[in-house]
Amino acid sequence: MANTMAAAQIFGISRVRQHQAAPTLIMCSNTAKGAEEFSRLVNTGCKLVGCGSAVPSLRVTNNDLAKFIDTNDEWISTRTGIRNRRVLSGKENLTDLAIEAAQKALEMAEVDPKDVDLILMCSSSGDDRFGSAPVIQKALGCKHNPLAFDITAACSGFLLGLFSASCYIKAGGFKNVLVVGADAVSRLVDWTDRGSCILFGDAAGAVLVQACDIGEDGLFGFDLHSDGDGKRHLISTFKENETDDASSENPSMTSFPPKCSSYSYLQMNGREIFKFAVRVVPQSIEAALEKAVLLLLYAQANQRIIDGVATRLEVPSERVISNVANYGNTSAASIPLALDEAVRGGKVQPGHVIAAAGFGAGLTWASAIFRWG
């Protein structure tokens with residue numbers, strides 16, 4: 001028990017769970033089953049054992065953008081570090097990318113779809129406003145109808161999904177949880193606004209989080225926040241379209257029935273978002289940090305933000321994972337996409353400890369410290 005408590009003091013999530021759950025279990029049961037359940041709760045950890053990603057086939061370069069907006073490759077690359085981005089086209093859709101990324105994560109983890117207990121789809125631009133996670137579940141061939149639902153938190157979404165996965169495993173007894181981050185922000189941007197359209201791309205990434213013994217626990221700490229006061233700096237709001245004046249004869253029925261609804265283009269105050277990111281991301285990582293960082297991975301917003309955060313944290317560039325030059329900001333997909341490339345490219349090896357952070361609309365921001373493999 002002493003070792004368990006020591007682990008709880010190191011790993012923030014385990015600490016909270018023990019503090020809250022232990023008294024209830026001790027008071028409610030003296031049976032062997034109750035003792036077994038208590039032991040499971042305090043001795044269960046979780047680790048990342050598989051990852052995958054998928055991107056659209058269409059590659060849009062800075063020079064391509066310069067053909068229809070007032071910009072050029074030098075202007076974009078010097079301000080953002082971005083040179084290319086992938087954009088959905090033709091018959092491609094975001095759900096198919098998410099399915100492909102999830103399949104690759106399961107293959108790497110050597111886990112059969114029938115053994116998946118939960119699927120979390122982290123997205124703010126899905127194909128269906130009611131969510132796509134159940135469609136992923138069906139396409140993967142999962143048996144026994146495991147729970148599948150969507151999480152909406154923009155660029156922070158994947159880390160909120162990772163935190164949720166750890167909670168379901170450590171408190172709910174789940175064994176295998178798929179966390180998918182996927183976004184198609186190209187659907188939301190105004191392609192005549194060079195201040196925003198140059199930043200974003202479409203992609204999907206996924207990880208398989210698996211239950212393990214507490215001694216192998218690979219999720220060391222989280223830091224999660226939101227600030228509704230900053231919402232105005234990054235929004236895509238619901239638009240109420242005008243209605244026909246067919247109800248003029250009945251004043252009580254004004255504006256009914258409504259016309260088909262829509263959402264506005266993404267609107268962003270880049271200067272405020274930059275200041276917000278370089279301020280809160282280092283603070284969040286430091287708050288979540290429980291072990292020494294080997295590599296630094298956070299939302300691939302733009303290279304200036306990545307460099308600014310690394311400088312403030314005094315992390316050398318060779319320990320920073322970045323693929324923003326090739327894909328732009330892919331929102332909830334950015335962290336799992338970069339992680340998958342780093343794992344398959346050999347930069348991230350089993351046992352490496354990573355500090356990951358995401359920030360975005362809401363405003364929301366989150367950090368996690370985890371070990372790969």
Side-chain angles (χ1 to χ4, degrees), residues 51-56 88 91-106 113-169 172 174 176-189 200-209 224 226 228 231 234-239 258 260-266 299 329-337 358 360-362 364 366:
C51 59
S53 62
V55 297
L88 288 172
K91 295 183 179 181
E92 293 177 327
N93 64 68
L94 189 63
T95 304
D96 286 344
L97 292 183
I99 293 168
E100 181 181 344
Q103 289 171 331
K104 290 178 179 178
L106 289 174
K114 67 180 176 58
D115 295 323
V116 172
D117 302 308
L118 171 66
I119 298 174
L120 302 173
M121 170 65 160
C122 309
S123 179
S124 300
S125 54
D127 295 326
D128 187 330
R129 69 178 60 187
F130 293 125
S132 301
V135 179
I136 298 172
Q137 176 225 73
K138 180 177 184 294
L140 292 176
C142 300
K143 306 298 182 182
H144 314 301
N145 300 318
L147 177 63
F149 63 91
D150 287 46
I151 294 174
T152 301
C155 298
S156 307
F158 175 76
L159 291 180
L160 269 63
L162 194 62
F163 173 75
S164 299
S166 73
C167 292
Y168 275 97
I169 289 173
F174 289 53
N176 293 295
V177 179
L178 261 175
V179 182
V180 183
D183 265 312
V185 185
S186 66
R187 298 167 168 171
L188 307 178
V189 300
F200 297 98
D202 306 334
V207 298
L208 194 284
V209 186
L224 315 170
S226 62
K231 174 187 174 181
L234 183 54
I235 59 174
S236 176
T237 55
F238 178 81
K239 293 197 309 183
C260 182
S261 61
S262 63
Y263 286 82
S264 68
Y265 286 129
L266 181 149
N329 181 353
T330 55
S331 192
S334 63
I335 291 175
L337 172 63
T364 60

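These values consider heavy atoms only, across backbone and side chains, with no hydrogens, waters or symmetry-generated copies.
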Looking only at atom types and distance, does a side-chain atom of Asp115 sit under 3.5 Å from a main-chain N or O of Asn176, one as donor and one as acceptor? no
Give, for atom OG1 of Thr152 and atom CE of Met121, the distance between the pair rounded to the nearest 0.5 Å. 9.5 Å
Any idea which heavy atoms bring Phe174 and Val177 closest together, and the distance? CB-CG2, 4.2 Å
Check whether any side-chain N or O of Ser334 sits under 3.5 Å from a backbone N or O of Thr330 as a donor-acceptor pair, and report yes or no. no
Return the OG to CZ distance between Ser132 and Phe149, rounded to the nearest 0.5 Å. 14.0 Å
Run the side chain to side chain contact (heavy atoms under 4.5 Å, CB included) check on Val185 and Asn329 step by step: do they pass? CA-CA 9 Å; Val185 185; Asn329 181 353; over 6 Å; no
Please report the closest heavy-atom contact between Ala154 and Ala332, naming both atoms and the distance. O-CB, 3.5 Å
Could you measure the distance from the OG1 atom of Thr95 to the CG atom of Asp127? Nearest 0.5 Å is fine. 3.5 Å
Is there a donor-acceptor contact under 3.5 Å from the side chain of Ser123 to the main chain of Ala182? yes
Student check: side-chain heavy atoms of Leu106 and Pro113 closer than 4.5 Å: yes
Side chain to side chain contact (heavy atoms under 4.5 Å, CB included) evaluation trace for Asp117 with Tyr168: CA-CA 10 Å; Asp117 302 308; Tyr168 275 97; over 6 Å; no
Working for salt bridge (charged side-chain N to carboxylate O under 4.0 Å, His left out), residues Arg129 and Asp150: CA-CA 10 Å; Arg129 69 178 60 187; Asp150 287 46; over 6 Å; no
Atom pair CD1/CD of Ile99 and Gln103 - distance to nearest 0.5 Å: 7.0 Å
Can you give me the closest heavy-atom contact between Ser156 and Gly358, atom names plus distance? OG-O, 3.4 Å
Has Gln137 got a side-chain atom pairing as donor or acceptor with Pro146's backbone, closer than 3.5 angstrom? yes
Can you name the closest pair of heavy atoms from Ser124 and Leu188 and give their distance? O-CD1, 4.4 Å
Are Ser125 and Leu94 close enough, and set up right, to give a side chain to side chain contact (heavy atoms under 4.5 Å, CB included), and what steps lead you there? CA-CA 8 Å; Ser125 54; Leu94 189 63; 4.2 Å; yes
Considering only heavy atoms from C-beta outward, does the side chain of Asp202 approach that of Glu92 to under 4.5 Å? no
Between Ile151 and Ser164, what is the shortest heavy-atom contact and its length? CD1-OG, 4.0 Å
Measuring from atom SG of Cys155 to atom CZ of Phe200, what distance do you get when rounded to the nearest 0.5 angstrom? 6.5 Å
Can you tell me if Asp183 uses its side chain to pair, donor with acceptor, with the backbone of Ser331 under 3.5 Å? no
Going by the side-chain contact (heavy atoms from CB on, under 4.5 Å) test, name the single residue among Val135, Val116, Leu178 that passes it with Leu140. Leu178
Do any N or O atoms from the side chain of Ser53 and from the backbone of Leu337 form a donor-acceptor pair under 3.5 angstrom? no
Once rounded to the nearest 0.5 Å, what's the spacing between atom NZ of Lys104 and atom CG of Leu208? 15.5 Å
Search all heavy atoms of Val180 against all heavy atoms of Ala102 and return the closest pair with its distance. CG2-CB, 4.3 Å
